[in-house]
Protein chains: 2
Amino acid sequence: MNGRARRGSRGDDGGSWIAPSSADQHRLVSRYRAGDRKIEAGRDLFSIGSSGGAIFNLLDGWVALYTLLEDGRRQIVQFALPGAVLGILPSKRAQATFGAQALTDVVVSVIPAAVLASFSRDEPEITMRLARSLARDCSMAYDRMTSIGRRSARERVAHLLLELFTRYRAQWPGTRIEEMALPLTQEQIGDATGLTFVHVNRVLSAMRKQGVVEFHYRRLRILDPDRLIEVAGVDPQMALSWLEGRSPG
Amino acid sequence: MNGRARRGSRGDDGGSWIAPSSADQHRLVSRYRAGDRKIEAGRDLFSIGSSGGAIFNLLDGWVALYTLLEDGRRQIVQFALPGAVLGILPSKRAQATFGAQALTDVVVSVIPAAVLASFSRDEPEITMRLARSLARDCSMAYDRMTSIGRRSARERVAHLLLELFTRYRAQWPGTRIEEMALPLTQEQIGDATGLTFVHVNRVLSAMRKQGVVEFHYRRLRILDPDRLIEVAGVDPQMALSWLEGRSPG
DNA sequence: CGCGGCCTTGAGCAACATCAACAATAGTGG
DNA sequence: CCACTATTGTTGATGTTGCTCAAGGCCGCG
């Protein structure tokens, strides 16, 4: 039993940390940029219980997918980065069991379900890409679940930071930065790792003191990558391949 | 940090509890029953690291999808029941990050990836069904993740039992049993809920004493459904719709 | 009837939650 | 530029949940 307390929030907060760059590389369907929509940080792209008439292709910004328990406990189940496809439902007229909250200002291309259906008839390729995207989401969910179920607090936090860092960096291949804007609060890290924000804070403090990572007011700096990989309990082989953006061999 | 201990196992154990019945209702692709394969309880359908040339359509039996950490900690990320589609990889020549272990003797129809690709060209409908199946898997994974991340041990166990019970019963619509063969050890329940088998045992004992459920040597009996729903922390509305096999209204 | 896997129970402890206060920061309006 | 406020981060004291270690009982099977 944990994470019951929720601190006051109203969901404003601005964020244009993310370099806009050419968002088109992330488009699922390249024609039509009419359906593009901007959503400001803190708002929901869609909420729990909404019946999905549309699919969102995230072009720019960060989004958190989350679930809620009746008493307010919250779990962030996924962080979506540009290129992600959101809002696919198991069946037509099913209700979403999770919501999607913009962590930064966000640009999405909105694809009505009907349009998608017709696309998939014309070009089965697109449905296949969708399936692969979903398979990836599943794999990531399994990975996260393993983290939450079987790793210590320290390992979980390290693993999350490492994951987000590598996914972020994969968008700018070839760069060698070890610092980034990570638009999360410690509470959100807690919601993603199944911890309280108080404990997240302690874990982060410890890791800072030990010179592993520094996370302060939404800036993440990796001080010692190897150490981080070790703490996260990730196979170094695999971690290396993540960092270099190739498939694990 | 938990669940490090793993008890000796060799994976024998028989299980033909499941009524064989007409397994054809669970077929993704109805022609060709040539590719059918039987796998005995305890064996893996595929293992971590295997590069998937094939997809499995589970026709009969129970399967556990699991991940491993280097030091042997294990997380069961999903239980697959007849009708499930297993082994879809995020990309061709990617390696599976999770394995699939038969909990009972199992019958699967094996569909080589190449065959699936050609099917999806002929009949885009199939790819779409695949996508929906994957979307459902994602939703279930998110649900489970929330359980593990945010619920107490008691709630987690109750939630899992309730889920498995309703999913099992959905296969025989209209029946009103509240007892079933559940081919799991307490250790496997622990691996699925992120607990140790010792603690699972204590939780189950408590729930038995309180007249909620009885789980003993792989037989599950629901003593007090309403109570179980309450303990699991599930919206009664939703639970009711599960039990009746209709979509939540 | 002996063995291996599984379940059960107790004692002690570590990890993490909760409660509570306070400090740092960014955003807002003057 | 400063004062003001909401949010977020920090730290300590204390409590609880669930883990670890350990021993023994139960059940099915050869």
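Quick note on labels: first sequence line is chain A, next is B, and so on, each numbered from 1. Fair warning: this is a prediction, and the values are worked out from it, not measured in the lab.
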Handout entry: Contact nearer the 5' end of DNA chain D, comparing A/R202 with A/F215
Key = A/F215

Exercise for the section: Would you indicate what B/G190 reaches in the nucleic acid, counting non-hydrogen atoms under 4.0 angstrom: base, sugar-phosphate, or nothing? Expected result: nothing

Exercise for the section: Would you indicate, yes or no, if D/dG9 has its OP1 or OP2 atom less than 4.0 angstrom from a side-chain nitrogen or oxygen of A/R219? Expected result: no

Handout entry: OP1 or OP2 of D/dT10 under 4.0 Å from side-chain N/O of A/Q186
Key = yes

Handout entry: Value in whole Å for how far the P atom of D/dT8 lies from CZ of A/F197
Key = 10 Å

Handout entry: Presence of B/H216 side-chain N/O under 4.0 Å of D/dC27 phosphate oxygens OP1/OP2
Key = no

Exercise for the section: Select base, sugar-phosphate, or nothing to describe what A/R154 touches, counting heavy atoms under 4.0 Å on all strands. Expected result: nothing

Exercise for the section: Give a yes/no on whether any side-chain N or O of B/S152 is located under 4.0 angstrom from OP1 or OP2 of D/dT17. Expected result: no

Handout entry: Nearest-Å distance for atom pair CG/P, residues B/D191 and C/dC6
Key = 12 Å

Practice task
For C/dT18, take OP1 and OP2 only and decide whether either is under 4.0 Å from a side-chain N or O of A/H199.
Solution key: no

Problem - Protein-nucleotide distance (B/L103, atom CG; C/dC6, atom P), rounded to Å - result: 12 Å

Handout entry: Side-chain N,O (B/R218) to OP1/OP2 (C/dG5) below 4.0 Å
Key = no

Handout entry: Distance-only side-chain donor-acceptor flag, A/R151 / A/S147, under 3.5 Å
Key = yes

Completion exercise
Per atom distances to the B/T185 side chain, the nearest of D/dC19, C/dC6, D/dT10 is C/dC6

Practice task
Find the distance A/E187:CD to D/dT7:P and express it as a whole number of Å.
Solution key: 11 Å

Handout entry: Rounded distance in Å - CG (B/L220) to P (C/dC7)
Key = 13 Å

Practice task
Among C/dC16, D/dT11, C/dT8, find the nucleotide with the atom closest to the side chain of A/N201.
Solution key: D/dT11

Exercise for the section: For A/R156 and C/dC16, give me the distance from atom CZ to atom C1', rounded to whole Å. Expected result: 9 Å

Fill in the blank from the handout: Rounded to the nearest 0.5 Å, the CG atom of A/L195 sits from the CZ atom of A/R154 at a distance of 13.0 Å

Handout entry: Salt-bridge contact B/R208-B/E214 (side-chain N to carboxylate O under 4.0 Å)
Key = no

Practice task
Check whether any side-chain N or O of A/T196 sits under 4.0 Å from OP1 or OP2 of C/dA17, and answer yes or no.
Solution key: yes

Exercise for the section: Enter the distance from B/Q186:CD to B/H199:NE2 here, rounded to the nearest 0.5 Å. Expected result: 12.5 Å

Exercise for the section: Considering only NZ, NE, NH1 and NH2 on the basic side and carboxylate oxygens on the acidic side, decide whether A/D60 and A/K38 come within less than 4.0 Å. Expected result: no

Exercise for the section: Report the distance from atom CD1 of A/I189 to atom P of C/dC16, rounded to the nearest whole Å. Expected result: 16 Å

Exercise for the section: Between D/dC27, C/dT25, C/dT9, spot the one nearest the side chain of B/Y217, thanks. Expected result: D/dC27

Problem - Short side-chain donor-acceptor distance under 3.5 Å, A/D44 and A/Y66 - result: yes

Exercise for the section: Tell me which nucleotide among C/dG10, D/dG18, D/dT10 gets nearest to the side chain of A/R208. Expected result: D/dT10

Completion exercise
Rounded to whole Å, the CZ-C1' distance (A/R151 to C/dA14) equals 20 Å

